[in-house]
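Here is the structure we will look at.
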Amino acid sequence: MMFQMSLLDAMYMQTNCPCLSDLRRLHDWQKARLARSLERIPPEAASLHEWNDALEYLAKGPPQQTREAARALLITALSVPGDGADGAYRPPHFSPRSQNIQTNEEDAST
């Protein structure tokens, strides 16, 4: 018998979070660790739908056209440190006109 799990479930298990929704509240060090583990997962290990789901759920990022693009944007978004003293994850702001990521500090200046 073969079992298969979704990308988000695999990420949830990797972080040892008590529940899946805790993935949205990771500390900076947990995000960095998760980004490093995603770098070892090839794009073809999950469907485009799963990569885009993870990107939207964790970073509120726009859907991408390829697995490679969705994976790269997710890794980049997880690598952007939060700006709060508590270290809680704050998703980066995605500009609607481009795929560029702005950190929360850049948001304050615009």
Side-chain angles (χ1 to χ4, degrees):
M1 185 181 303
M2 186 169 181
F3 294 95
Q4 193 172 357
M5 71 174 62
S6 74
L7 180 62
L8 278 172
D9 285 337
M11 294 168 69
Y12 152 72
M13 292 185 73
Q14 175 76 28
T15 58
N16 294 320
C17 288
C19 59
L20 182 66
S21 63
D22 289 340
L23 282 175
R24 290 182 168 179
R25 293 182 288 279
L26 296 176
H27 292 279
D28 287 345
W29 66 270
Q30 292 170 306
K31 291 185 337 184
R33 185 173 165 205
L34 185 56
R36 284 192 305 273
S37 73
L38 288 174
E39 289 173 346
R40 294 188 298 270
I41 298 174
E44 55 276 355
S47 69
L48 174 60
H49 177 76
E50 286 184 285
W51 284 112
N52 278 330
D53 276 355
L55 177 61
E56 194 280 324
Y57 187 74
L58 296 176
K60 299 184 191 228
Q64 301 299 296
Q65 297 298 314
T66 66
R67 297 176 200 195
E68 293 80 5
R71 175 183 169 271
L73 198 55
L74 178 59
I75 290 169
T76 300
L78 289 171
S79 300
V80 174
D83 64 354
D86 61 357
Y89 176 59
R90 308 243 183 337
H93 171 73
F94 289 91
S95 170
R97 287 175 264 131
S98 71
Q99 301 301 322
N100 296 332
I101 297 174
Q102 297 176 337
T103 64
N104 291 314
E105 289 175 6
E106 291 168 340
D107 287 344
S109 65
T110 56

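Taken to the nearest 0.5 Å, the CG atom of Leu55 stands 12.0 Å off from the NZ atom of Lys60. Summarising the geometry, atom CD belonging to Glu68 is positioned 13.0 Å from atom CG belonging to Leu73; distances are rounded to the nearest 0.5 Å.
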Sequence neighbours excluded and cut-off under 3.5 Å, please list the side-chain donor-acceptor pairs for residues 7-21, or say none.
residue : atom : partner : partner atom : Å
Asp9    : OD2  : Ser6    : OG           : 3.2
Thr15   : OG1  : Met11   : O            : 3.3
Thr15   : OG1  : Tyr12   : O            : 3.0

As a quick check of understanding, evaluate side-chain contact (heavy atoms from CB on, under 4.5 Å) for Gln30 and Arg33, giving each step before the final call.
CA-CA 5 Å; Gln30 292 170 306; Arg33 185 173 165 205; 5.6 Å; no
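Counting only residues at least two apart or in different chains, side-chain hydrogen bond (donor to acceptor under 3.5 Å, both in side chains) contacts with residues 37-50 comprise His49-Asp53.
Side chain of Arg71 to backbone of Ala46: no donor-acceptor contact under 3.5 angstrom is found. Remark: side-chain polar atoms of Gln64 are paired, donor with acceptor, to backbone N or O of Pro62 under 3.5 angstrom.
Listed by chain and residue number, Ile75, Leu78, Ser79 satisfy the side chain to side chain contact (heavy atoms under 4.5 Å, CB included) test with Ala35 (two or more places apart in sequence, or in another chain).
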